[in-house]
There are 2 protein chains.
Amino acid sequence: MSEGRKLQAYSGESLLFLTDEQLRQGIEAMFFAYRGFTADPDRILSDKGYGRAHHRAIHFINRAPGTTVNNLLSILGVTKQSLNRVLRTLIEDGLVESRVGTADKRERHLFLTDAGADLEGQLSDAQRARMRAAFRNAGPEAVAGFRKVLEAMIEPDLKRTYVRLRDSGQ
Amino acid sequence: MSEGRKLQAYSGESLLFLTDEQLRQGIEAMFFAYRGFTADPDRILSDKGYGRAHHRAIHFINRAPGTTVNNLLSILGVTKQSLNRVLRTLIEDGLVESRVGTADKRERHLFLTDAGADLEGQLSDAQRARMRAAFRNAGPEAVAGFRKVLEAMIEPDLKRTYVRLRDSGQ
DNA sequence: TTGGAATGTCAACAAGGCTGACGTAAGCTC
DNA sequence: GAGCTTACGTCAGCCTTGTTGACATTCCAA
């Protein structure tokens, strides 16, 4: 009987899960965690005169070498003028290479140079280290939940892009 | 026997959890999810000529009415000049009230006006709705894991601020 | 009472978003 | 081949939001 009550209470808690209070905590956790998430790369980048925008470009060029400008635009969700400013500096600095397409010469295919891959390595090493620490700290089951909630929060349009990328892993 | 193998395989999977591939997926999930997380408030704000910075200020003034500028600075992690610009427009527009401190006249205590509380309601309703949908979609256990990983990702300095805020809930 | 520390404001600048307009080259369709 | 469309780059100009530096006010302690 007492056991039954406990279970009922527990079950009640699960049903009460979506109180505004719980949601608010999730929102604030997301806010503060994202700061930590970007903190290490931001430090590395600012030393070199780059910003978060450069990181995003480098990350996704590394993930999908040979991607076109248009494709990158749809992943990043910015305007081409905005991306172009970033890409121009990365190309000038010799971190990214832009090759005219062979099948369709209007397209430019983007690749990291050795120097670009080197910076990418630094950035993702730092970011993975923090993610690894958080994962280890929280445990395997928590990680599965983490991913599940995050994936449910992605906008439907982007979800397709995300899944394609996710499932193209090595 | 076959059951034993399955368990072993499963356990092996759990141990393999922290491959670079898994970490990369976590990183990208975080990136895309944060876009979704801010999308709804961003839409509401841009109609009114405000940005994400205004949202952050409004959110935390609502959470801790009477907070000082300095306190808000340490929560938001920006420079006071940056915050000041945002606060000035919110005060001019009658969404935030700034009262000179009684004990220490150097301090300004910040409050939402009725209009400010109204906007705050709109913003957090929208953000909670998305969070609620994601939570419901992912299930209670996933939510616990989500929170656990996020909390482990917060920078140590901010963690104290976060926990204080979290535990001050209604 | 005076000098330093703390709090907040103002000015100026940079990064990185945005829109709009335009040019060029290449592909596609009739 | 002519004309439309697509992909990309770029110029100009705007806004938000971050930065540093200089400054006024207030408090407090030597």
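So you know, we letter chains A, B, ... as the sequences are listed, proteins then strands, and number each from 1. As a basis for the values below, the full set of heavy atoms in this structure was taken, side chains included, without hydrogen atoms, waters or symmetry mates.
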**Study point:** Summary of ring pair (Phe, Tyr, Trp, His ring centres under 6.0 Å) pairs that have at least one residue in residues 70-92 of chain B, sequence neighbours excluded
**Key:** none
Review point. Is there any ring pair (Phe, Tyr, Trp, His ring centres under 6.0 Å) pair reaching into residues 142-166 of chain A, and which pairs are they, with sequence neighbours excluded?
Key: A/F135-A/F146, A/Y162-B/F32
Point to revise | Under-4.0 Å side-chain N/O to phosphate OP1/OP2 contact, A/R108 with D/dA7 | key: no
In whole angstrom, what separates [X]'s [atom1] from [N]'s [atom2]?
X	N	atom1	atom2	result
B/I58	D/dT16	CD1	C1'	15 Å
B/L90	D/dT16	CG	P	12 Å
B/D104	D/dC28	CG	P	6 Å
B/N84	D/dC23	CG	C1'	13 Å
B/D42	D/dT16	CG	P	13 Å
B/R88	D/dT16	CZ	C1'	13 Å

Qualifying residues under side chain to side chain donor-acceptor pair (under 3.5 Å), relative to [X], sequence neighbours excluded:
X	result
A/T67	A/N71
A/H55	none
A/R166	A/E151

Revision key, fill the gap. Sorted by position of nearest nucleotide on DNA chain C, 5' first, the leading residue of A/K105 and B/V69 is B/V69
Considering residues at least two apart in sequence or located in another chain, which fulfil the side chain to side chain contact (heavy atoms under 4.5 Å, CB included) criterion with [X]?
X	answer
B/R88	B/N84, B/R85, B/E92
B/A134	A/V149, A/A152, A/M153
A/R160	A/D157, A/R164

Practice item. Would you mind classifying the nucleic acid contact of B/G49 as base, sugar-phosphate or nothing, using non-hydrogen atoms under 4.0 angstrom? Key: sugar-phosphate
Point to revise | Sugar-phosphate only, base, or nothing, as touched by B/A57 at under 4.0 Å among non-hydrogen atoms | key: nothing
Revision key, fill the gap. 5'-most to 3'-most nt of DNA chain C touching chain A (<4.0 Å, heavy-atom partner on protein side) reads C/dG16 to C/dG27
**Study point:** ring pair (Phe, Tyr, Trp, His ring centres under 6.0 Å) assessment of A/Y34 paired with B/F31
**Key:** CA-CA 9 Å; A/Y34 198 76; B/F31 171 71; 8.0 Å; no
Report, one pair per line, the protein and nucleotides 3-6 of chain D atoms (nitrogen or oxygen only) whose separation is under 3.5 Å.
residue	atom	partner	partner atom	Å
D/dT6	O4'	A/R106	NH1	3.4
D/dT6	O2	A/R106	NH1	2.6

**Study point:** Atom of A/V86, atom of A/A53 and distance for their closest heavy-atom approach
**Key:** CG2-CB, 3.7 Å
Review point. In B/S/- notation, 5' to 3', how is nucleotides 17-22 of chain D contacted by protein heavy atoms closer than 4.0 Å?
Key: BBBBB-
Report, one line per pair, each donor and acceptor closer than 3.5 Å where one atom sits in a side chain of residues 107-114 of chain A; sequence neighbours left out.
residue	atom	partner	partner atom	Å
A/H109	ND1	A/G66	O	2.7
A/T113	OG1	A/G94	O	2.6
A/T113	OG1	A/L95	O	3.2
A/T113	OG1	A/A115	N	3.4
A/T113	OG1	A/G116	N	3.1

